[in-house]
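Whatever order the structure lists ligands and atoms in, that order sets their numbers, starting from 1.
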Amino acid sequence: MTAASHNPLSQRTRIKICGLTREQDVDAAVQAGADAVGFVLYPKSPRFVDAKRAAQLALRLPPFVTPVLLFVNEPTENVIAACEQVPAAMLQFHGDETPEQCRAASGNGARPWMRAARIPLDAAQPFDLIKFATLHEQARALLLDAHVEGYGGGGKAFDWSRLPPSVNAHLVLSGGLTPANVTDGIVQVRPRCRTLAVDVSSGVEAAKGVKDPEKIHQFVAAVRAADALLARCPNALLSTT
Ligand SMILES: O=C(O)c1ccccc1NCC(=O)[C@H](O)[C@H](O)COP(=O)(O)O
């Protein structure tokens with residue numbers, strides 16, 4: 001399927017809530033309607049959980065809510081060992097991993113994985129998303145995040161208008177999303193890709209690693225409002241592209 005053949009209006013935007021460390025936050029994300037929850041297995045992150053803790057938290061997920069294990073430059077053997085503890089997980093590689101390293105760590109495709117593309121906040125810095133997508137063509141999805149210190153979870157948004165008019169990939173828009181800006185992000189980015197999901201961490205937190213259930217519900221409501229807007233007003237797609 002090419003990017004031109006899909007109908008962006010008919011989609012439901014999927015939602016990933018990332019950086020969960022507590023049972024009550026997993027429950028709040030599920031109750032709000034999240035499609036996926038992310039566990040950060042990067043020890044330098046303030047949202048770090050180890051594989052055993054991620055497995056405990058993932059047990060609270062109902063069917064059809066996907067656990068995502070997030071790594072930054074983690075040795076392949078550690079990724080494989082973590083996957084044994086969370087068998088249903090999707091993988092997210094958020095460091096400087098090469099496509100070959102991602103493929104090996106995913107068990108040569110035995111497990112779905114997505115690749116984070118960290119896009120410079122400085123518009124003067126070139127970033128070729130099409131080239132990046134081609135390099136990582138075996139990724140299930142590309143997660144577009146702002147290039148921040150510490151690799152991710154920075155609460156900063158990149159300039160969405162910098163994205164190419166069409167990317168033949170499943171995209172996950174991330175980086176600085178909040179209940180206040182996610183509608184605009186969906187309207188701007190959805191026409192440019194095959195399918196779109198949104199991913200949020202800081203924007204639904206009371207503190208790093210501590211989610212605010214009210215902000216989670218507000219975020220999900222804003223995504224649903226964007227979906228309803230695009231279903232009613234196709235021109236909303238045209239006015240920003
Ligand atoms: O969340 C972290 O602490 C983190 C640390 C290192 C690498 C990636 C990390 N998070 C990855 C995510 O998928 C976040 O949801 C994404 O960066 C967006 O975060 P935010 O801008 O805080 O919403």
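N73 and Y151 form a side-chain donor-acceptor contact under 3.5 Å, judged by distance and modelled atom types alone.
The shortest heavy-atom contact between L121 and A146 is CD2-CB, 3.7 Å.
Partners of D128 under the salt bridge (charged side-chain N to carboxylate O under 4.0 Å, His left out) rule, at least two apart in sequence or in another chain, do not exist in this structure.
Ionic pairing of R103 and E97 is not present here: no N-O contact between side-chain nitrogen and carboxylate oxygen is shorter than 4.0 angstrom.
Residue-environment remark: NZ (K156) stays at or below the threshold of 12 foreign heavy atoms within 6.0 Å.
Under the 6.0 Å cut-off for aromatic ring centres, Y42 and F48 do not qualify, their centroids lying 6.0 Å or more apart.
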Just list the N/O pairs, ligand 1 to protein, that are under 3.5 Å apart, with the distance for each.
residue  : atom   : partner : partner atom : Å
ligand 1 : 1 (O)  : R47     : NH1          : 3.1
ligand 1 : 3 (O)  : S45     : OG           : 2.7
ligand 1 : 3 (O)  : R47     : NH1          : 2.9
ligand 1 : 13 (O) : K16     : NZ           : 3.2
ligand 1 : 13 (O) : Q92     : NE2          : 3.0
ligand 1 : 13 (O) : D199    : OD2          : 3.3
ligand 1 : 15 (O) : D199    : OD1          : 3.4
ligand 1 : 15 (O) : D199    : OD2          : 2.7
ligand 1 : 17 (O) : D145    : OD2          : 2.5
ligand 1 : 17 (O) : G153    : N            : 2.8
ligand 1 : 21 (O) : G155    : N            : 2.9
ligand 1 : 21 (O) : G176    : N            : 2.8
ligand 1 : 22 (O) : G155    : N            : 3.3
ligand 1 : 22 (O) : S202    : N            : 2.9
ligand 1 : 22 (O) : S202    : OG           : 2.4
ligand 1 : 23 (O) : S201    : N            : 2.9
ligand 1 : 23 (O) : S202    : N            : 3.4

